[in-house]
Amino acid sequence: MKPNTTVWIDAELSLGLIDRVRRVNALRHAVPDCGAMVTFDGMVRPSSKEGESIEALILDHHPEMTAPSIERIAHDGAARFDVQGISVAHRSGRLLPGDMIVFVAVASAHRRAAFECADYLMDRLKTDAVFWKREQGGFGERWIEPTSADKKDRERWYEETAGH
Amino acid sequence: MKPNTTVWIDAELSLGLIDRVRRVNALRHAVPDCGAMVTFDGMVRPSSKEGESIEALILDHHPEMTAPSIERIAHDGAARFDVQGISVAHRSGRLLPGDMIVFVAVASAHRRAAFECADYLMDRLKTDAVFWKREQGGFGERWIEPTSADKKDRERWYEETAGH
Amino acid sequence: MRLGFYGRISTTYGNDIDVPAVSAGLSIAELRRELARRSGYEDILDPIYRAAVNNVIVTEDHHVREGDRVDFLSPLSGG
Amino acid sequence: MRLGFYGRISTTYGNDIDVPAVSAGLSIAELRRELARRSGYEDILDPIYRAAVNNVIVTEDHHVREGDRVDFLSPLSGG
């Protein structure tokens, strides 16, 4: 299925703002002959699942395990789909509503592979990237853990869990 | 399934270059509270299906029917998926390899709706947007018509054909 | 009567032609046969080329009227 | 021995603690019980908090060695 060609990969743990324009331009520059590019931006929403106002989202990471977990997910996507380039950046730190948490871009010859790979990368990042997040607001602070929907999404792909 | 809320829509027939950065910024500005955004870029590839080098891709449009067909596809996406904003631009005219043919961006609260809506919009644009395209190269000029794969993709959504 | 041709079919008949003395009242099917007879090219008889009257796709039994704009559209290929 | 705690479990034990005089050679399961006994908090007995030794996830029967870095990780939540 998947041809044995080199895939351009840029996977990053971002401690500051993610620059989506720079990342898109770098990907397009790296694979100028691609016919399709799919991107995903994930942003901090202004309210919680319960509808309360959110002041900040705090993402914690592990000093040694987090960056390799992002790289591994990107490489797994490259191995699984017929794509030409993958760009992944995931924030850590204190984020405000509207700030970008995660950015994924995938370039390929044909659109189906780019759509599926971006979808896959997001499902993996939600459950297998080494982050912990909590939201702060008038209610105080609470940890957010993967929902059953996130786990169902993840199971569509039948992969090993990161770290095992 | 689909809540009855207003969806921000910007659908355009573009006779000049598509400015993806401007379009993304306009969408984010229009729906600042979205948690997810998916974009798709379609570019002219440098070679044909047969592997020959491509000099140009010419897109023809209809003076009256093309712009409404793009708008209708965007509105169909808005009616079908739980999304907050849709931006669609489709080029016409003479394009060179690497030039953008089509750009789609969808913003929503949750990622699944944005992925599915962008995928849907592209399948519809491939088969129902009122364009005709031909490629030019050393081989001369040839018309490109929808492939059986395009038609299969389109059939996943079971919609009326545009214009009927 | 002015006829427009879009996509592949325009390579046979041109983009836009004036067909004099086509009487209003012909159905699309009759118009196709008349065009094939006058031009000597039968491509237009293939229903893969859909007809639009005043920017709306119509069926073969639609009758054209004075002042209508009739277009024949090859299969679409956007994206 | 230094223990790290990440995510929800850090609210019980802190981010990073030094547990003196834990003898190398304990298994992860034994280390959990020792930590619960000393702290009075049993949260760490829940296997939902996975253990990593020197940045690699390990099973309950893994034995820690002198100088190992042991972390307990709450369920991950990226994206």
Side-chain angles (χ1 to χ4, degrees), chain A residues 19-25 27-29 31-49 51 53-54 57 84 95-112 114-123 125-126 147 149-150 152-153 156, chain B residues 19-25 27-29 31-49 51 53-54 57 84 95-112 114-123 125-126 147 149-150 152-153 156:
Chain A
D19 184 345
R20 73 182 315 287
V21 174
R22 188 191 67 70
R23 297 193 75 84
V24 163
N25 290 345
L27 175 61
R28 287 295 314 278
H29 183 78
V31 288
D33 292 353
C34 69
M37 179 175 67
V38 170
T39 75
F40 178 84
D41 294 55
M43 278 75 66
V44 179
R45 268 173 288 151
S47 53
S48 71
K49 286 212 167 80
S53 183
I54 294 293
L57 183 76
Q84 298 171 332
L95 282 71
L96 302 178
D99 283 353
M100 198 183 301
I101 306 168
V102 60
F103 179 73
V104 162
V106 180
S108 61
H110 302 284
R111 72 186 186 285
R112 182 70 41 223
F115 269 115
E116 289 183 355
C117 184
D119 192 11
Y120 168 86
L121 293 171
M122 280 310 305
D123 286 348
L125 288 165
K126 278 271 170 186
T147 63
D150 290 331
K152 273 225 171 58
D153 285 343
R156 296 188 296 157
Chain B
D19 184 345
R20 72 182 318 285
V21 174
R22 189 191 66 70
R23 299 193 73 85
V24 163
N25 290 345
L27 175 62
R28 288 295 313 277
H29 183 77
V31 288
D33 292 353
C34 69
M37 180 175 68
V38 171
T39 74
F40 178 83
D41 295 53
M43 278 76 65
V44 179
R45 268 172 290 152
S47 52
S48 71
K49 285 210 169 79
S53 183
I54 294 293
L57 183 76
Q84 300 172 332
L95 282 69
L96 303 179
D99 283 353
M100 199 183 301
I101 305 169
V102 61
F103 179 73
V104 162
V106 180
S108 62
H110 301 283
R111 72 186 187 284
R112 182 69 42 223
F115 269 115
E116 289 183 354
C117 184
D119 192 12
Y120 168 86
L121 292 170
M122 280 310 305
D123 286 348
L125 288 164
K126 279 269 169 187
T147 62
D150 290 332
K152 273 224 170 61
D153 285 342
R156 295 187 298 158

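Please read all numbers here as calculations on a predicted model, not as lab measurements. Here is the naming used below: chain letters follow the sequence lines, and residue numbers restart at 1 for every chain.
- Residue contact with chain A, scored on non-hydrogen atoms closer than 4.5 Å, involves the backbone and the side chain of B:Ala118 alike.
- A distance of 4.5 Å separates CG of B:Asp119 from CZ of A:Arg112, quoted to the nearest 0.5 Å.
- Heavy atoms closer than 4.5 Å to chain A are found nowhere in B:Val104, neither backbone nor side chain.
- Residues passing the ring pair (Phe, Tyr, Trp, His ring centres under 6.0 Å) test with A:Phe40 are B:Phe115, sequence neighbours excluded.
- Ranking A:Ser47, A:Ala105, A:Ala109 against chain B, the residue ahead of the rest is A:Ala109, based on heavy-atom pairs under 4.5 Å.
- Interatomic distance, CG of A:Asp19 versus CE of A:Met100, reported as 8.5 Å (0.5 Å rounding).
- A:Asp41 is linked by a salt bridge (Lys or Arg N to Asp or Glu O under 4.0 Å) to A:Arg20, counting only residues two or more places apart in sequence or in another chain.
- Here the straight-line distance linking atom CD of B:Glu116 with atom CZ of B:Arg156 works out to 9.5 Å at 0.5 Å rounding.
- Note on A:Val102, A:Val44, A:Ile101, A:Asp123: by heavy-atom pairs under 4.5 Å with chain B, the leading option is A:Asp123.
- Contacts with chain B were tallied for A:Arg111, A:Arg45, A:Lys126; A:Arg111 has the most, counting heavy-atom pairs under 4.5 Å.
- In this structure, the portions of B:Val38 lying under 4.5 Å from any heavy atom of chain A include both its backbone and its side chain.
- We find the CG-CG distance between B:Leu96 and B:Leu57 to be 9.5 Å, quoted to the nearest 0.5 Å.
- Residue contact with chain B, scored on non-hydrogen atoms closer than 4.5 Å, is absent for A:Val106.
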